[in-house]
Amino acid sequence: MKFPTLVALSSGAAFLGAGGYTVLPEFVTAPIKHSLTAPTQPMIIDNGVIVQRGTACNIKGNVSVTSGERIYHVPGQHYYGATKISPQYGERWFCSEQEALAAGWRKAGY
């Protein structure tokens, strides 16, 4: 690679890495901002147990204490609010019912 090209690429990377993209027009910066920001899923943790996560992934994957069966709960179902997710026991969140089913969990039925 030629030296001028290397200098130009390095300078551009340093400019963007230092936040220089903020002085560019919005139509240019939108893809850059999107690639630099990680999606967040806010969590509320109570005594080491995740009790709430962001709205994008709100299906609760619960493991039965008695049978070990993997059951998922969707918002609005009975016991949804009382169900806590404890990752240390293999419990987790899902973003869709299809994702839960594909992972081998069944829908809670009361």
Side-chain angles (χ1 to χ4, degrees):
M1 182 179 296
K2 301 218 179 221
F3 184 72
T5 304
L6 182 62
V7 169
L9 290 174
S10 298
S11 298
F15 173 76
L16 293 175
Y21 61 88
T22 58
V23 298
L24 298 173
E26 181 65 29
F27 73 91
V28 175
T29 62
I32 298 169
K33 288 179 187 176
H34 180 69
S35 67
L36 294 177
T37 57
T40 59
Q41 292 292 332
M43 290 186 218
I44 297 174
I45 301 177
D46 182 22
N47 290 327
V49 177
I50 301 169
V51 293
Q52 183 179 343
R53 187 167 165 178
T55 57
C57 300
N58 59 357
I59 297 173
K60 298 177 178 183
N62 186 251
V63 177
S64 170
V65 175
T66 55
S67 68
E69 189 175 14
R70 299 180 303 169
I71 305 164
Y72 70 88
H73 305 262
V74 296
Q77 275 188 309
H78 195 58
Y79 295 118
Y80 178 85
T83 302
K84 308 296 183 222
I85 301 302
S86 301
Q88 67 269 28
Y89 300 120
E91 298 177 337
R92 55 175 286 194
W93 292 89
F94 294 102
C95 297
S96 70
E97 288 191 64
Q98 294 79 10
E99 180 186 0
L101 291 168
W105 298 61
R106 76 159 177 87
K107 187 172 184 174
Y110 305 104

Open item on the list: Between Glu99 and Cys95 (side chain of the first, backbone of the second, donor and acceptor by atom type, cut-off under 3.5 Å), is there such a pair?
Closed with: yes
TODO: For the pair Ser86 (side chain) and Tyr89 (backbone), establish whether a donor and an acceptor sit closer than 3.5 Å, ignoring hydrogens and angles.
DONE: no
Open item on the list: My understanding is that only residues two or more places apart in sequence, or in another chain, count here; which of them pass side-chain hydrogen bond (donor to acceptor under 3.5 Å, both in side chains) with Ser64?
Closed with: Thr66, Ser67
Task: Over-ring placement of Lys60 relative to Tyr72, 6.0 Å and 45° cut-offs - done: no
Side-chain atoms of residues 101-108: list all donor-acceptor pairs with protein atoms under 3.5 Å, sequence neighbours left out, distances to 0.1 Å.
from, atom 1, to, atom 2, distance (Å)
Arg106, NE, Glu69, OE2, 2.6

- [ ] Report yes if the side chains of Glu97 and Ile59 come closer than 4.5 Å at any heavy-atom pair, otherwise no.
- [x] yes
Task: For Arg70, all residues meeting salt bridge (Lys or Arg N to Asp or Glu O under 4.0 Å), sequence neighbours excluded - done: none
Open item on the list: On a heavy-atom basis, which atom in Lys84 and which in Asn62 lie closest, and how many Å separate them?
Closed with: O-ND2, 3.7 Å
